[in-house]
2 protein chains.
Amino acid sequence: METQDLKKAGLKVTLPRMKILEILETSNVHHLTAEDIYRQLLEAGEEIGLATVYRVLTQFEAAGLVTRHHFEGGQAVFELERGAHHDHLVCVKCGKVVEFMDETIEAKQRQISSEAGFEITDHALTIYGICRDCR
Amino acid sequence: METQDLKKAGLKVTLPRMKILEILETSNVHHLTAEDIYRQLLEAGEEIGLATVYRVLTQFEAAGLVTRHHFEGGQAVFELERGAHHDHLVCVKCGKVVEFMDETIEAKQRQISSEAGFEITDHALTIYGICRDCR
DNA sequence: TTGAATATGAGAAAGCTTCTCATTATTACA
DNA sequence: TGTAATAATGAGAAGCTTTCTCATATTCAA
Ligand SMILES: [Zn+2]
Ligand SMILES: [Zn+2]
Ligand SMILES: [Zn+2]
Ligand SMILES: [Zn+2]
């Protein structure tokens, strides 16, 4: 299936791309930085450069396989696109990420945009807080 | 009044701080990057370094005088804290920023956080789109 | 199998932001 | 007002994340 995804996106099936996709698919943490992925590749003994990780993630994003988020704190985080739109709750102490989706909020955003004369292309709602475990 | 704000924040009243505060107060565009401010200072003939601009903005942020936003596109933008919380609609073509606040959305966020066991510290909702003029 | 097209690794470079440190300015108080 | 203690500044170096360059290696259609 991976192979199909890559071919559909017009990308050649290469070892770096398959390994990166595999990490995104099998990781129990769904939100990973490029460095996270790079480190996992090193640990697995793969000799894949950090530049390749960034390059591939950017291609995956363009192909719609992956979404890039800009949470506070510098590094972008990437997550495999699993179909369902959602927004994020991020713990500022431990970094835990909880996903949620609220149709009321989504609808209100559409209404606000249309009233302002904007054609929505995207949106990012991130709530920062302290999770139960960190309190 | 500016002078008071600075003193209250425990900051000495210096020329760079007053000039930067003045730019934030008088600019008709409310969302400025550090470079925007630096450029305006240069144009006004002030010899203030970019490092000072960043330093002062960070201090203003800590003092609650200014809010820092991380819209897409790398550079942070700063805006004078005028008391009323609001979220943002950003045009991806021209960069125009429209502010809005919706109590339904705010309330939903509080509910979602509390249900997830998070104590909210902050949130950022940014809708990206194409404004009327850019269509 | 072969060659055109594409991808990779390594390091350089870019873009934004923070740090360092010698110099200068502010402020409290004599 | 003068002075000392404290804090702020400017300039450039450095840090961090991300992208670029280019010589080499890989993929894949024919
Ligand atoms: Zn949403
Ligand atoms: Zn997510
Ligand atoms: Zn809000
Ligand atoms: Zn604003």
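Here is how names work: the chains are called A, B, and so on, in the same order as the sequence lines, proteins then strands, and each is numbered from 1.
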Would you mind reporting whether [Y] and [X] have side-chain heavy atoms less than 4.5 Å apart?
X        : Y        : value
A/Tyr128 : B/His123 : no
B/Leu21  : B/Leu80  : yes
B/Thr104 : A/Ile105 : no
B/Leu89  : B/Thr126 : no

Exercise for review: Verify the distance criterion only: is there a donor paired with an acceptor across the side chains of B/Arg17 and B/Thr52 at less than 3.5 Å?
Suggested key: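 The criterion, which ignores hydrogens and geometry beyond distance, is not satisfied for B/Thr52 and B/Arg17.
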Nearest whole Å is fine: how far is [N] [atom2] from [X] [atom1]?
X       : N      : atom1 : atom2 : result
B/Leu41 : D/dA11 : CG    : P     : 13 Å
A/Arg17 : D/dA25 : CZ    : C1'   : 14 Å
B/Leu57 : D/dA8  : CG    : C1'   : 15 Å
A/Gln59 : C/dT8  : CD    : C1'   : 11 Å
B/Glu47 : C/dT23 : CD    : P     : 18 Å
A/Leu6  : D/dT26 : CG    : P     : 18 Å
B/Glu72 : C/dC16 : CD    : P     : 15 Å
B/Asp36 : C/dC16 : CG    : P     : 11 Å

**Study point:** For B/Thr67, the option from B/His85, B/His86, B/Glu81, B/Glu79 that meets side chain to side chain donor-acceptor pair (under 3.5 Å)
**Key:**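 Single side chain to side chain donor-acceptor pair (under 3.5 Å) partner of B/Thr67 among B/His85, B/His86, B/Glu81, B/Glu79: B/Glu81.
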Practice item. Give the other cluster members for A/Met101, using side-chain heavy-atom distances under 4.5 Å between Ile, Leu, Val, Met, Phe, Trp and Tyr residues; answer none if it is isolated. Key: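 None, because no other hydrophobic side chain comes under 4.5 Å of this residue.
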Check your understanding: For A/Arg82, what residues pass the salt bridge (Lys or Arg N to Asp or Glu O under 4.0 Å) criterion, not counting sequence neighbours?
Key ->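 Listed in chain order: nothing, the list is empty.
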Exercise for review: Specify the angle, to 10°, made by the local axes at the two ends of the helix from C/dT1-D/dA30 to C/dA30-D/dT1 when five pairs are taken at each end.
Suggested key: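 Nearest ten degrees gives 30° for this helix.
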**Study point:** Protein-to-nucleotide contact annotation, 5' to 3' order, nucleotides 25-30 of chain C [B base; S sugar-phosphate only; - none; under 4.0 Å, heavy atom]
**Key:** -BS---
Practice item. Encode nucleotides 15-20 of chain D as B, S and - characters from 5' to 3', where the letter depends on protein heavy atoms closer than 4.0 Å: B to the base, S only to sugar-phosphate, - to neither. Key: --SBBB
Check your understanding: Sequence neighbours excluded, which residues qualify as side chain to side chain donor-acceptor pair (under 3.5 Å) partners of A/Thr121?
Key ->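 In terms of side chain to side chain donor-acceptor pair (under 3.5 Å), with neighbours along the sequence ignored, A/Thr121 is linked to no residue.
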Practice item. May I ask you to decide whether A/Asp133 forms a salt bridge with A/Lys93, counting only side-chain N to carboxylate O separations under 4.0 Å? Key: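 Looking at A/Asp133 and A/Lys93, the cut-off is not met.
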Review point. Do the two ring centres, one from A/His88 and one from A/Phe71, sit under 6.0 Å apart?
Key: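 Ring-ring flag for A/His88/A/Phe71: true, centres closer than 6.0 Å.
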